[in-house]
Amino acid sequence: MVEKILFIVFAAFAVAGALGVITRSNIVHGLILLVFTFINVAGIFLLTQAHFLAVIQVLVYAGAILVLFAFVVMFLNLREFQQEEQFHRGQKWAVIVLAPIMLAEIIFVVTAVTWASVNDGFSPEAIAAQGGNVKVLGEQLFTKMLLPFEVASLILLVGMVGAILLAAKEDRESVCLREWDDDDGVTPSLVEREV
Amino acid sequence: MAIPIEWYLVLSAFLFVIGAAGVLMRRNLFIVLFSIELMMNAVNINLVGFSRLHENLIGQNFVLFTMTVAAAEAAIGLAIVTALYRNRRTLMVDMFDVMKG
């Protein structure tokens, strides 16, 4: 019973935070609301006895990915975009009409189907008897899911190289360097120079 | 089983539809990226819920890979954002119409 009440609380906060993300015009507010949503989703994971995933959710999503977003948000000067129109003009009304219909359809299908349990023997009690969620999850990750694990490392490598390649300055055409202005002697000026 | 699977699916549907609405109606590229992360979280909730229903751990393992892909996607997405901002001086998605899509 307590679990159900907590689930409803976490779910309500997560949905409210998500609604805030897509309606606020200030990106930093959206970012903080996104962290709020992710932490509530981590609470849902805890209620589901997925302890390791709850920790990873906070660590990777609310930690690493959001810090990356925050870094780029502060790196670019985004204050000028707050005054602009935030929504697509015609598309906004189509989305406002169609999104609840899509939601109602999904909820109708989900509640109409009866979901049978396969029951593979990894109930929370059985997992606790075998040494806990982290141990059993890790054992499966390095036996059953070893090939996907290696492919994931490849994806991370490609992501890293791609990010560096895309964000690096194209210094073949033009390079921005700091040069001393000879006329007044002290003021440094940014000069765009062909190389 | 304490919490019915339908609750997970309904919560996930809410988050996914909100994410999809954000992608479709916001002009700011950052909010579009945030919305994609929201949709990935909705999928994760589904995977964890079904992992609990079927009492196996493959679903939870799969969430780890979803998070890996989300991290790589965020890094590349932000690199594209900085490249676009450097070239076009704007972040409104309807301004990027070079390919006339």
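FYI, side chains are in, hydrogens and waters are out, and symmetry mates aren't considered; it's all heavy atoms of this structure. Below, chains carry the letters A, B, ... as their sequence lines are ordered, and counting in each starts from 1.
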Contacting region of [X] [heavy-atom separation from chain A under 4.5 Å]:
X	result
B/Tyr85	side chain
B/Ile31	side chain
B/Ser51	neither
B/Glu73	neither
B/Val93	side chain

Exercise: identify the closest heavy-atom pair between A/Ala167 and B/Thr82 | CB-OG1, 3.9 Å
Would you mind telling me which of B/Ile18, B/Val69, B/Thr68 has the largest number of heavy-atom pairs within less than 4.5 Å of chain A?
->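 Maximum pair count with chain A is reached by B/Ile18.
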Determine the option with the most heavy-atom pairs under 4.5 angstrom with chain B, choosing from A/Gly30, A/Gly162, A/Ala99, A/Pro148.
-> A/Pro148
Hey, which of A/Phe122, A/Phe52, A/Phe75 has the most heavy atom pairs under 4.5 Å with chain B?
-> A/Phe122
Would you kindly say whether B/Asn56 and A/Gln140 are connected by a side-chain donor-acceptor distance under 3.5 Å?
->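 There is no such pair between these side chains.
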Verify the distance criterion only: is there a donor paired with an acceptor across the side chains of B/Arg52 and A/Gln49 at less than 3.5 Å?
-> no
What about A/Phe149 and B/Phe65, are their ring centers closer than 6.0 Å?
-> no
State the [atom1]-[atom2] distance between [X] and [Y], to the nearest 0.5 angstrom.
X	Y	atom1	atom2	value
B/Gln60	A/His51	CD	NE2	9.0 Å
B/Met25	A/Phe87	CE	CZ	5.0 Å
A/Leu166	B/Leu78	CG	CG	11.0 Å
B/Leu64	A/Met145	CG	CE	8.5 Å

Excluding sequence neighbours, so at least two apart, what forms ring-ring contact (aromatic ring centres under 6.0 Å, His included) with A/Trp93?
-> none
Aromatic rings A/Phe7 and B/Trp7: how do their planes relate, parallel, tilted or perpendicular, breaks at 30° and 60°?
-> tilted
